Amino acid sequence: MSEHPDTLEASRVDKLRRLEALGIDPWGGRFDGHWPIAEVLKLPADLPEADRPRVRIAGRIVSRRDGGRVHFLDLKDSSGEPTLRELKGEHEGTVERVPDLSSRIQVMVGQKQVGETGWAVAQLLDLGDILGVDGTFGRTRRGEPTVFADGLTILCKSLLPHPDKWGGMQDIEYRLRHRYLDLIYNPETLDRARKRVRIIRTMRRYLDDLGYLEVETPTLHAIAGGAAARPFVTHHNALDIRLYQRIALELHLKRLLVGGMEKVYEIGRVFRNEGISPRHNPEFTMMELYQAYGDYRTMMDLTEGLIVACVRSLGEGLKLPFGPRTIDFTPPWPRVAYADLFRQYVGVALDDAAAVRRAAEAAGMPAAGKHPDVLVHHLFEEKVEHHLEGPVFVYDYPASLCPLTKRKRDNPAIAERFELYVQGMELANAYTELNDPITQEETFRTQLAGLPEEESMARMDEDFLRALRHGMPPAGGLGIGVDRLVMLLTNTQTIRDVILFPLLRPEK
RNA sequence: GAAGGCGUAGCUCAGCCGGUAGAGCAACGGACUUUUAAUCCGUAGGUCGCGGGUUCGAAUCCCGCCGCCUUCACCA
């Protein structure tokens, strides 16, 4: 029991040993019958002392004020304030129990009230310890709702100091590397995590109610197709084959359409071996959905209903703040043709190859040797996207950008595809699925001829083509970037704050 | 991958036109039975991200490396 332990940790280990010397297990165990702090706070607090209700609570010590023979602790748990909320719109009449933020309550520990051992324990408590408390609920003289303890149970000793109760956690790297502390000390982190759960749950419920089947498809692919992205490469030892982490869900879900699953979806992780930015994490969550006998118009209606349901599930109305702006999700959302936007903001027609080339050169883009549609797309990203505050559906894309999409019957240069833009971000991507295996094979070949394999959206996939040859019903398909949706609905500017454990370089 | 910024005590931060490191909270010892940013007295805690250079002397100036942030590139 050194008087000046070398480190903060040593001081806590010292207390741990002293607890053990008292015959107390500092790591606790089963602790039944405790109340959520939020429920305790709802009890009548102003009863005469003799009539105070008995309570048992458990939580983490987040603040401490010692005063001689009486100590005050603040205990925090994850109970939040449960509220019942009636959902409107698509789920009219449904009542959902919505837990909000965590709750904290003050505990008074008096020497007389907790007894000799209890008082000895009280001297050995630190910020960050997890404590069980038995006592009665009332108010202090200052009117603070308080549990007056008569029994203390150590449930876990904390050996490392927690962040400052005032300064809190500011350092972004520290927060990301210690997300568990971030969750405790930055309420908005827990709030975002819970809103994410609620959004995804709403998505599932909405689609389940419409009869879509949720499926799981492989994440290890022999050929990483379905999107234009660089995959992570891995290796299967027993089979001695190269495998890729999936970059999209598309090709397996379409195989299920062939197999007669007429309405399917999957919510799952995809992996892309590309840069990291405030909008990109190497692994992220996609929702992809396919519906037989639908087309991209079907998907537009569905997308609007689905996202509006997600917005409503947060209970904050249809106008949500995002940075300095407000996003108004009130349907119906405008639908604008790609070509019209292009003409409006670039000033030329997208099928006028010479004009497009001049516009690209005027914008300082290297245009030599590039397919006109590639230039069109670059110009669109450069000149148009940032105008799309949205939500807005942009539809009918140049066909050569969309190798898995059915062309318009009356104009094979245009593909039946739309993207949903909100705040300049592509939030959803959908098309009328190409179910013609002959055209599909041609598209694969022409794409492959023009681009390095890793940049091609249409990696040749013979097995997928074989599935198409057996006959896939005409269908609409939709993909939504779940992380981005959560960003937009929770006013979060960086994807790292809607993913609990974003990728960081290892320390040291 | 490129450019710019940042990295000081457990946490939050000062110090940075070179003179050998500070505060608040946390911690340790003591006083206090109704505090709530408790207060008061006392104490301890830092290879100033890592390595090298310039200098009599470097947290401070220069170079390299590592990590984080921002912007750009790739992409959703």
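Predicted, not measured: the structure shown is a model, and the values here were computed from it. Chain letters run A, B, ... following the sequence lines, proteins first and then strands; every chain starts at 1. All heavy atoms count here, side chains included; hydrogens, waters and symmetry mates do not.
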Q: Measure CD/A/Q170 against C1'/B/G10 and give the value in whole Å, please.
A: 16 Å
Q: Would you measure the distance from the P atom in B/A3 across to the matching atom in B/A73 and give it in whole Å?
A: 16 Å
Q: Could you identify the nucleotide paired to B/G45, looking across every strand shown and requiring Watson-Crick or G-U wobble geometry with both distances under 3.5 Å?
A: none
Q: Determine whether any donor atom in the side chain of A/Q106 lies under 3.5 Å from an acceptor atom in the base of B/U35, or the reverse, and answer yes or no.
A: yes
Q: Take atom CD1 of A/I172 and atom P of B/U70, then tell me their distance rounded to the nearest Å.
A: 6 Å
Q: Using a 4.0 Å heavy-atom cut-off across all strands, classify A/R505 as base, sugar-phosphate, or nothing.
A: sugar-phosphate
Q: Checking only heavy atoms, does the side chain of A/D171 share a donor-acceptor pair with the base of B/G7 at less than 3.5 Å?
A: no
Q: Categorize A/F284 for me: base, sugar-phosphate, or nothing, with a 4.0 angstrom heavy-atom threshold over every strand shown.
A: base
Q: Mind checking if A/R177 touches a base, just sugar-phosphate, or nothing, with heavy atoms under 4.0 Å?
A: sugar-phosphate
Q: Touch check for A/E426, heavy atoms < 4.0 angstrom, all strands: base, sugar-phosphate only, or nothing?
A: sugar-phosphate
Q: Whether the side chain of A/R65 and the base of B/U35 hold a donor-acceptor pair under 3.5 Å is what I'd like checked.
A: yes
Q: Over all strands shown, is A/G168 touching base, sugar-phosphate only, or nothing at heavy-atom distances under 4.0 angstrom?
A: sugar-phosphate
